[in-house]
Protein chains: 2
Amino acid sequence: MSYKEKKVITIGVVSELTGLSERQIRYYEERKLVFPERTKGGTRKYSFSDVERLVDISNKMEDGMQTFEIRKMEQKQMRQAELREKMLRGQLNAAFNIRK
Amino acid sequence: MSYKEKKVITIGVVSELTGLSERQIRYYEERKLVFPERTKGGTRKYSFSDVERLVDISNKMEDGMQTFEIRKMEQKQMRQAELREKMLRGQLNAAFNIRK
DNA sequence: CGTGTAAGGAATTCTGACACG
DNA sequence: CGTGTAAGGAATTCTGACACG
C-alpha cells in the first residue's frame, strides 16, 4: 500500500493539516464521511488520503452542503466508477473472448 | 513537499512500522541519525522517509555497525552526492556558458 | 555502546453530554 | 444540523536516571 493510503496520522496533526477542529473531524466520522483506523488504545489514525478527503469535505461544507448530501454525492461517484469499470470489462471480454 | 517527507507520524506508530522500540528510536535521534520535528507540546513527529531511514539503520545495527559508523557513512554519501552535483553543474556551465 | 525499565509528569485523545440554533 | 466546550478518564509521550555489560 502507498504512503498516501497508510493510516498513521493522529487527529491533532490532521487538525493542523486541514484547519478543521478535532470536533469537526470526529463528527464527519460519525456521519460516515471518513474512516480512520484505531490503535489498540483507541486513538484514531488517518491517512494523507483522509486528509485530502477532509479538505474536500471542508470546502463542500463551506458551500452550504450538508453531510448527508456529501455522502450521497460520494456514493454516486463510487457507483459510477464501478459502472465504468464494469462496462470496460465487458468490452474487453467482447473483444478478446468472442467465444466463451 | 511530498507526503513522504512530511513529519506527521508519532513515535508509537513509527515503532510499529519499524519494529524498533521507542527507546531505540529516541536513542538514534540522540546519536544524530534521525531528526523528527516536534509539536508545540514536545511530541516527536516523523516522516515516512524517517521510517525508511530507521529500517535502514536497524539493518546496519544488526550487521554489527555502530551508530557513529552509520552516521559517518551517511555523511560520506552526502558529500559524494554534493560532489557529483557540483561537477555536473560545472560541466553544464562549461558547455553552455563558454564566455562569462 | 546500546537498550530495557520504573518513575513522575505533561501532552494528547477519547467519549458522552449540554448548549445554541 | 453542525460545532463549541467543560469533564473525567485513559492512552501516549517525554525526560532523566539506574542497570547491565
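Reminder, nothing fancy here: chain letters follow the sequence lines and each chain counts from 1. Predicted, not measured: the structure shown is a model, and the values here were computed from it. Only heavy atoms go into these numbers, but all of them, side chains included; no hydrogens, no water, no symmetry mates.
Summarising the geometry, atom NZ belonging to A/Lys4 is positioned 11.0 Å from atom CG belonging to A/Asp50; distances are rounded to the nearest 0.5 Å. Going from atom OG1 of A/Thr18 over to atom CD of A/Gln24 covers 8.0 Å, rounded to the nearest 0.5 Å. For the atom pair CD1 (B/Ile9) and CD (B/Glu37), the distance works out to 12.0 Å, reported to the nearest 0.5 Å. In this structure, CG in B/Leu88 is found 10.0 Å from CG in B/Asn93, a value given to the nearest 0.5 Å.
No donor-acceptor pair closer than 3.5 Å links the side chain of A/Glu5 to the backbone N or O of A/Ser2. Using a distance-only test at 3.5 Å, with no hydrogens or angles considered, a donor-acceptor pair links the side chain of A/Glu69 to the main chain of A/Gln66.
With 3.5 Å as the limit, one finds a donor-acceptor pair spanning the side chains of B/Arg31 and B/Tyr27.
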Mind listing the N/O atom pairs, protein and nucleotides 16-19 of chain C, below 3.5 Å?
none

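Identified under the side-chain hydrogen bond (donor to acceptor under 3.5 Å, both in side chains) test for residues 54-63 of chain B, with sequence neighbours left out: B/Asp56-B/Lys60.
Computed from coordinates, the B/Glu22 CD to C/dT3 P distance equals 14 Å when rounded to whole Å. At whole-Å resolution of the value, NZ in B/Lys45 and P in D/dT12 are 19 Å apart. B/Leu54 places its CG atom 15 Å from the P atom of C/dG2, with the value rounded to the nearest Å. Separating the NZ atom of A/Lys60 from the P atom of D/dG2 is a distance of 14 Å, rounded to the nearest angstrom. Between the OH atom of B/Tyr46 and the P atom of D/dT12 there is a distance of 16 Å, given to the nearest Å. Atoms CD1 (B/Ile11) and P (D/dT13) sit 7 Å apart, rounded to a whole Å.
Within a 6.0 Å radius of NZ in B/Lys45, other residues, nucleotides and ligands contribute more than 12 heavy atoms.
Contact check of residues 63-75 of chain B against DNA chain C (heavy atom, cut-off under 4.0 Å) returns B/Gln66, B/Thr67. Listed by residue number, the members of residues 24-34 of chain B with any heavy atom below 4.0 angstrom from DNA chain C are B/Gln24, B/Tyr27, B/Tyr28, B/Arg31.
Partner of B/Tyr46 under the side-chain contact (heavy atoms from CB on, under 4.5 Å) criterion, chosen from B/Thr10, B/Val8, B/Val13, B/Ile25: B/Ile25.
Salt-bridge check for B/Glu85 with B/Arg89: passed, with a basic side-chain N closer than 4.0 Å to an acidic carboxylate O.
With sequence neighbours left out, B/Tyr3 forms a ring pair (Phe, Tyr, Trp, His ring centres under 6.0 Å) with A/Phe48.
One finds a side-chain N or O of A/Ser21 lying less than 4.0 angstrom from the OP1 or OP2 phosphate oxygen of D/dG4. Here B/Thr10 reaches the OP1 or OP2 of D/dT13: one of its side-chain N or O atoms lies under 4.0 Å away. When the side-chain nitrogen and oxygen atoms of A/Arg44 are compared with OP1 and OP2 of C/dT13, none of them lie within a distance under 4.0 Å. The phosphate of C/dT12 (OP1 or OP2) has a side-chain N or O of B/Thr39 nearer than 4.0 angstrom.
A 4.5 Å side-chain heavy-atom check between B/Arg53 and B/Phe35 finds every atom pair outside the cut-off. Using a 4.5 Å cut-off on side-chain heavy atoms (C-beta onward), B/Val14 and B/Glu22 make no contact.
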Item to check | Secondary structure of DNA chain D in dot-bracket form (Watson-Crick or G-U wobble, distances below 3.5 Å, | marking inter-strand pairs) | outcome: .||||.||.|.|.||.||||.

